[in-house]
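Side chains are part of it too, since the values below use all heavy atoms of this structure and drop only hydrogens, waters and symmetry mates.
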Amino acid sequence: MTARIRTTPLTVLLVSLAAAFTTVAVRSDGPRLPPAQTGDFYVSNFGSGMIAVYDSTGAFLRDFTAAGLSGPRGVVFAPNDRFYIASQSSDEIFVFDRDEQLMTTFTHAELNGPTGMAISGTGELHVGSFNNDQVVVFDLDGQFLRAYTGGELNGTNCVAFDSRGNIYVSSALTSTVLKFDPSEKYVTSFTGGGLSSPMSVARDHSDVLYVSGGGSSNIVKFDTSGTLLGTMQHADLPAPQGIAFDDEGRMFSTSFSAHQIVVFDASQNYQRTITAGGLQTPRSIAFRPPAETSTAIETPVADAPAFYLRQTFPNPFKSRTVISYGVPHPGGIARVEVFDLRGRLVKRLVDGWHPGGEHVVEWDGVDERGGRVARGVYVYRLSLGDRVLSRKMLRL
């Protein structure tokens with residue numbers, strides 16, 4: 001397949017939080033966990049109403065809150081440079097900027113006891129609504145879109161997506177996980193491994209699902225069809241809640257009852273326990289993506305769109321990915337190229353006149369000679385005159 005360019009404006013091409021990154025650690029056997037989330041991680045303290053912040057080594061940095069934030073649960077970072085926190089006790093979603101300053105809050109009559117959250121590949125925020133057994137969907141500006149439920153969903157906790165866009169929702173009061181297809185139609189439910197009161201649902205690059213059993217004090221692993229793959233336990237992790245992975249493949253999980261964070265290495269062996277930060281009934285945990293960087297300063301243009309380069313979607317990818325970028329009016333000669341980490345040209349995707357507007361180009365992971373590139377990190381670059389933007393992507 002050859003690279004294709006399309007100039008039709010995009011309206012839904014957004015990236016899930018976990019996909020935006022600028023640096024990554026590459027394992028020799030290929031990555032097995034979600035994209036690199038180097039940087040600080042955030043833990044919601046249900047008991048104190050605070051959000052605790054740690055660096056990548058697990059050192060406590062600070063905590064913060066906002067007026068009205070009560071019983072914080074889900075924490076999720078979005079591609080719009082904001083992050084969202086579910087306030088279960090006040091039925092609201094709090095929106096913060098990268099400086100941890102409160103921007104706004106929003107809610108809806110359908111939202112009753114918000115818990116875990118996830119952002120879809122189309123940039124929609126899916127929020128578990130515990131008290132009325134459904135998932136409520138908003139856009140990233142807080143506009144209510146719809147709600148869905150199905151099966152035996154009872155006591156909605158966390159929401160997660162697999163690589164095909166299927167949705168998994170933990171049902172605390174039935175000790176099951178419910179699967180919905182990408183159109184939000186109920187498919188099936190599953191359990192196993194003694195799972196009781198499931199909380200977080202997380203997945204790795206192989207689409208293995210990790211479900212924290214708050215009542216069973218274990219983490220249960222399933223494939224996407226619901227087949228039991230195994231369980232994990234540790235004495236320091238009673239009543240596990242949130243689950244998150246770092247860029248080295250380590251798994252972090254919070255203990256609701258022991259008020260601490262337990263870290264497992266990439267082989268899922270116990271590594272350490274983090275007790276700093278005055279944790280009080282910690283729930284969700286999320287890694288903050290690094291700030292986006294560019295190699296040139298963007299100059300605002302009166303007749304937008306601006307000059308920009310979005311994160312690839314999907315990212316990481318196996319066979320193909322899409323690059324979205326903006327060219328200011330009235331247009332110009334733009335070039336999109338892919339390089340390896342040594343700065344060597346891998347593939348020139350686009351080189352020619354572009355009218356002002358948003359454009360997309362697809363890369364099939366093939367180099368200039370027509371060969372399939374190796375797994376790893378690649379830099380893609382947009383050039384327009386003397387202005388240059390670059391970002392990174394990961395091929396599996």
Using the test side-chain hydrogen bond (donor to acceptor under 3.5 Å, both in side chains), find all partners of [X] that sit at least two apart in sequence or belong to another chain.
| X | result |
| --- | --- |
| Asn132 | Ser129 |
| Thr57 | Asp55 |
| Gln260 | none |
| Asp97 | none |

Ignoring hydrogens, what is the shortest heavy-atom contact between [X] and [Y]? Give both atom names and the distance.
| X | Y | result |
| --- | --- | --- |
| Lys318 | Arg372 | O-NH1, 4.4 Å |
| Leu228 | Gly193 | CD2-N, 3.7 Å |
| Asp236 | Thr273 | OD2-OG1, 2.6 Å |
| Leu279 | Ile274 | CD1-O, 4.4 Å |
| Arg310 | Arg391 | C-NH1, 3.3 Å |

Hey, quick one: are [X] and [Y] part of the same hydrophobic cluster, counting side-chain heavy atoms closer than 4.5 Å, chains of contacts allowed?
| X | Y | result |
| --- | --- | --- |
| Ile119 | Leu111 | yes |
| Phe144 | Val95 | yes |
| Phe256 | Phe130 | no |

Q. Salt bridge (charged side-chain N to carboxylate O under 4.0 Å, His left out) with Asp340: which residues, sequence neighbours excluded?
A. Arg344
Q. Just by distance, do the side chain of Glu358 and the backbone of Val327 share a donor-acceptor pair under 3.5 Å?
A.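 Looks like no, no N/O pair under 3.5 Å.
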Q. Quick one: does His234's side chain have a donor or acceptor within less than 3.5 Å of a partner on Met232's backbone?
A.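 Answer holds: no.
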Q) So do the side chains of Asn315 and Leu394 get within less than 4.5 Å of each other, counting heavy atoms only? A)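 In short, these two side chains touch, coming nearer than 4.5 Å.
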Q) How about Val336 and Arg381: do any of their side-chain heavy atoms sit closer than 4.5 Å? A) no
**Q.** Fellow cluster residues of Ile333, listed by chain then number, with links counted only when side-chain atoms sit under 4.5 Å apart
**A.** Trp353
Q | Residues clustered with Ile167, ILVMFWY side-chain links under 4.5 angstrom | A |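 In the cluster with Ile167 are Val135, Val137, Leu145, Tyr148, Leu153, Val159, Phe161, Val169, Leu178, Phe180, Tyr186.
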Q. How would you list all residue pairs meeting salt bridge (Lys or Arg N to Asp or Glu O under 4.0 Å) that involve residues 127-146, not counting sequence neighbours?
A.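 Found Arg82-Asp141, Glu124-Arg146, Arg146-Glu184.
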**Q.** Verdict with reasoning, Asn157 to Arg73, per side chain to side chain donor-acceptor pair (under 3.5 Å)
**A.** CA-CA 9 Å; Asn157 261 318; Arg73 288 291 306 271; 2.8 Å; yes
I want to know whether [X] and [Y] have ring centres closer than 6.0 Å.
| X | Y | value |
| --- | --- | --- |
| Phe252 | Phe245 | no |
| Phe94 | Tyr84 | no |
| Tyr42 | Phe83 | yes |

Q) If you measure from CG on Leu140 to CD1 on Ile93, what distance do you get to the nearest 0.5 Å? A) 12.0 Å
Q. If you measure from CG on Leu382 to CG on Leu349, what distance do you get to the nearest 0.5 Å?
A.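 Spacing of CG (Leu382) from CG (Leu349) equals 11.0 Å.
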Q) side chain to side chain contact (heavy atoms under 4.5 Å, CB included) with Ala160: which residues, sequence neighbours excluded? A)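 Partners of Ala160 by the side chain to side chain contact (heavy atoms under 4.5 Å, CB included) criterion, ordered by chain and then number, come out as Val201.
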Q) Between the side chains of Gln134 and Thr156, does any donor sit under 3.5 Å from an acceptor? A)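 Their side chains do not contain a donor-acceptor pair, so the 3.5 Å distance test is not met.
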Q. Would you say the side-chain atoms of Asp207 and Thr224 include a donor-acceptor pair closer than 3.5 Å?
A.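 Checked: Asp207/Thr224 side chains show no N/O donor-acceptor pair below 3.5 Å.
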Q | Set of residues satisfying ring pair (Phe, Tyr, Trp, His ring centres under 6.0 Å) with respect to Phe317, sequence neighbours excluded | A | Trp363
Q: For Phe106, enumerate each residue passing the ring pair (Phe, Tyr, Trp, His ring centres under 6.0 Å) test, keeping only those at least two apart in sequence or located in another chain.
A: Phe138
Q | Lys/Arg N to Asp/Glu carboxylate O, Asp162 vs Arg203, below 4.0 Å | A |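 Salt bridge flag = no for Arg203 with Asp162.
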Q. Between Arg250 and Asp246, is the closest basic N to carboxylate O distance under 4.0 Å?
A.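 A salt bridge is present here (some side-chain N lies under 4.0 Å from a carboxylate O).
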Q: For the pair Asp351 and Arg335, evaluate salt bridge (Lys or Arg N to Asp or Glu O under 4.0 Å) and give the outcome as yes or no after the intermediate values.
A: CA-CA 4 Å; Asp351 188 4; Arg335 177 183 296 173; 3.3 Å; yes
**Q.** Working for side chain to side chain donor-acceptor pair (under 3.5 Å), residues Arg395 and Tyr378
**A.** CA-CA 8 Å; Arg395 183 181 178 273; Tyr378 293 87; over 6 Å; no
Donor-acceptor pairs are to be reported for all side-chain atoms of residues 59-72 against protein atoms at under 3.5 Å, with residues two or more places apart or in another chain.
| residue | atom | partner | partner atom | Å |
| --- | --- | --- | --- | --- |
| Arg62 | NE | Glu100 | OE1 | 3.0 |
| Arg62 | NE | Glu100 | OE2 | 3.2 |
| Arg62 | NH2 | Glu100 | OE2 | 2.6 |
| Thr65 | OG1 | Gly49 | O | 2.7 |

